[in-house]
Amino acid sequence: MNNDNGASWERVCTKFKKEFGQQAYTTWLNQLGYNGLDGGTIELTAPTKFVRDWIQRNYGPRLMDFFHAEDSRVKSLSIRLAAKGAVPASPSQPIARAPGANSAADTLTAGVTETAALDPKYTFDSFVVGKSNELAYAAAKRIADSDDVSFNPLFLHGGVGLGKTHLMHAIAWEVQRRAPEKRVAYVSAEKFMFEFIAAIRYKDTHAFKQKFRTADLLMVDDVQFIANKNSTQEEFFHTFNALIDKRCQVVITADRSPTDLEGIEDRIISRLGWGLVADIHPTDYELRLGILQSKAEHFGEVEVPSEVLEFLAKRIISNVRELEGALNRVLAYATLVGRPITMEMTRDVLQDLIRANDRKVTIDEIQRTVAEYYNLRLAEMLSQRRARVIARPRQVAMHLSKQLTSRSLPEIGRRFGGRDHTTVMHAVRKIDDLCKSDSQLDEDITRLTRMLAG
Ligand code: ADP
Ligand code: MG
């Protein structure tokens, strides 16, 4: 066997990280052992069938490309199962570990998986609390700090990029620090499903059940993912019940509230709502500014003028992930070109993002603006009253919601006092029709659109 001491393997790992990210690397590739090249075939070992199949299916062709670029003699890849008890890094193959990662994560859950995927940056310390997330934060903190189960499950929900995953990881880190003997399982619903399917395929459901049902704390991220996946739901429900009955803490997140989850059985939904349901709202200006200040301080290398932070907080309103991304881009640019950060540079570097955020109008804004425009109280406009003076503006607001946001008809209906999507569709058509003959209304729509979308 040709042995290059793993230098080419390290380079392949680096390329992999670049292309698929640190998390994919830590979760998947880092579990492989490298045994070198044998007659045109790269020999790798995987700890489980699941890992092997996953890597082959999802990353096989790219890995092949990477190896081939290292050595054109490489014709194929073979991933064998490692003998039981084998550690991934044997002497012949120094696996490139992520810098500083992740011995804490590896030991975090002795036996329970998924924690390799925990992000060291996602802690309570780095989480900035504001009005929109204080309940979710307090609940997460309570679970992390105490052994009593006071609400079970904790159900966190909110839009994309608002800190749900961050809070879950923070709980895991804190529990591990405070009570290292506890078995913490953190898993995305997607991964839960793939493991479950693999367990069925390999007739290994016992191990699967064992793994999740022996946890002291189970956290399942993004459960909306298992909507309409019936057998996964069933298994999830059993796991969930088993743990709750044992009084083990369960934490769930989703992008919407339990009652808004579609394609998930009623009995599951009702049980999901038994504990505490905490909603993370979109950020407000103060919180966005707070988050930016905290991140800028942490970065330390370059000074970020406060007018730049204020500008970002005002303009990037979609979610925290995008906000962070914007700041990072400005920081990276300034570091690269070695110039101090200015407003001009910020506008320049973020042109596309600022434009995209400009176009986003929320249903809330539309409702408020339309109510004000027609001199109605918001509650009146959203009420069930059918008087023309109220119904017409309501239809205008629905129409604008359809035109100016990417919300679906059912979503819009919900936001207008729980109306049916057909009502919204009717409103949209009605206003379209009326505009053709009613020039006053047509003008109203044009003016409102300009007020809202700029
Ligand atoms: P979600 O899981 O809700 O989609 P994440 O937890 O992945 O969102 O958060 C997206 C990004 O925003 C992460 O980098 C996270 O650290 C950051 N973030 C979100 N909320 C906060 C907050 N309140 N304080 C600090 N960082 C936050
Ligand atoms: Mg998430």
Side-chain angles (χ1 to χ4, degrees), residues 131-132 135 157-160 162 224 227 254-264 266 269-270 273 277 279-286 314-319 355-454:
K131 262 215 266 343
S132 59
L135 176 62
H157 69 96
V160 177
L162 294 181
Q224 73 277 359
D255 66 355
R256 63 203 83 172
S257 75
T259 45
D260 283 341
L261 283 169
E262 280 155 22
I264 291 192
D266 287 346
I269 287 178
S270 112
V277 176
D279 179 351
I280 305 186
H281 297 275
T283 53
D284 56 21
Y285 174 76
E286 279 74 32
K314 208 177 310 155
R315 302 301 286 271
I316 315 281
I317 56 174
S318 45
N319 67 52
R355 237 182 286 125
N357 272 277
D358 271 352
R359 261 187 272 107
K360 276 184 196 129
V361 183
T362 65
I363 293 183
D364 275 344
E365 283 170 282
I366 294 172
Q367 290 173 337
R368 265 184 279 117
T369 310
V370 172
E372 208 170 297
Y373 186 89
Y374 289 107
N375 278 318
L376 292 174
R377 281 186 302 115
L378 187 58
E380 236 170 353
M381 196 176 77
L382 300 182
S383 72
Q384 301 298 324
R385 293 184 51 196
R386 288 159 184 239
R388 166 83 62 88
V389 285
I390 297 171
R392 188 70 82 230
R394 183 187 300 137
Q395 288 176 325
V396 167
M398 286 183 186
H399 178 274
L400 290 169
S401 299
K402 184 67 201 140
Q403 304 304 323
L404 302 178
T405 75
S406 55
R407 302 289 163 195
S408 65
L409 295 174
E411 270 177 299
I412 296 173
R414 250 198 312 275
R415 301 288 295 278
F416 279 82
R419 288 180 161 79
D420 194 68
H421 74 275
T422 51
T423 309
V424 183
M425 200 156 59
H426 174 74
V428 173
R429 293 209 184 119
K430 177 91 190 172
I431 297 295
D432 268 339
D433 274 356
L434 284 175
C435 277
K436 286 177 202 144
S437 51
D438 183 341
S439 60
Q440 177 62 49
L441 183 65
D442 192 44
E443 199 188 309
D444 288 351
I445 297 279
T446 312
R447 281 176 56 190
L448 281 163
T449 305
R450 203 173 324 116
M451 283 163 73
L452 286 158

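A distance-only check finds no donor-acceptor pair linking the side chain of Gln367 to the backbone of Leu382 [under 3.5 Å]. Side-chain atoms of Arg394 come within 3.5 Å of backbone atoms of Ser383 as a donor-acceptor pair (strictly under, hydrogens ignored). Without hydrogens or angle criteria, Arg256 side chain to Glu262 main chain gives no donor-acceptor distance under 3.5 Å.
For the pair Leu135 and Val277, the tightest heavy-atom approach, listed with the atom from each and the gap, is CD2-O, 4.4 Å. A pairwise comparison of heavy atoms in Ile445 and Cys435 identifies CG1-SG, 3.9 Å as the closest pair. Residues Arg388 and Pro393 approach most closely at O-CD, 3.8 Å, considering heavy atoms. Nearest heavy atoms, Leu452 versus Val361: O-CG2, 3.7 Å. For the pair Met451 and Tyr373, the tightest heavy-atom approach, listed with the atom from each and the gap, is SD-CD1, 4.1 Å. Across all their heavy atoms, Thr369 and Leu448 have their closest contact at CG2-CD2, 4.0 Å.
Proximity of Thr423 to Phe416: side-chain heavy atoms (C-beta onward) are nowhere separated by under 4.5 Å. A heavy-atom distance below 4.5 Å is found between the side chains of Leu434 and Arg392. Side-chain contact between Gln395 and His426 is present, with heavy atoms from C-beta onward closer than 4.5 Å. Between Gln403 and Val428 there is a side-chain heavy-atom pair separated by less than 4.5 Å. Within the 4.5 Å cutoff, no side-chain heavy atoms of Ile431 are placed close to those of Leu400.
The structure places CE of Met425 at 5.5 Å from NE2 of His421, a figure rounded to the nearest 0.5 Å. Taking CD1 of Ile390 as the reference point, atom CG of Leu376 lies at 6.0 Å (rounded to 0.5 Å). Here NZ of Lys402 is found 11.0 Å from NE2 of His399. Values are rounded to the nearest 0.5 Å. Distance OG1/Thr283 to CD1/Ile316: 11.0 Å, rounded to 0.5 Å. Atoms CZ and CD1, from Arg419 and Ile412 in turn, are 13.0 Å apart once rounded to the nearest 0.5 Å. Going from atom CD1 of Ile264 over to atom OG1 of Thr259 covers 11.5 Å, rounded to the nearest 0.5 Å.
Contacts of Arg429 classified as salt bridge (Lys or Arg N to Asp or Glu O under 4.0 Å), with partners at least two apart in sequence or in another chain: none. Shown here are the salt bridge (Lys or Arg N to Asp or Glu O under 4.0 Å) partners of Arg377, two or more places apart in sequence or in another chain: there are none.
A 6.0 Å sphere centred on CG of Asp433 holds more than 12 heavy atoms belonging to other residues, nucleotides or ligands. Counting heavy atoms of neighbouring residues, nucleotides and ligands inside a 6.0 Å radius, atom CZ of Arg414 exceeds 12 of them.
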Passes side chain to side chain donor-acceptor pair (under 3.5 Å), Asp364 versus Thr362? Steps please. CA-CA 5 Å; Asp364 275 344; Thr362 65; 5.1 Å; no
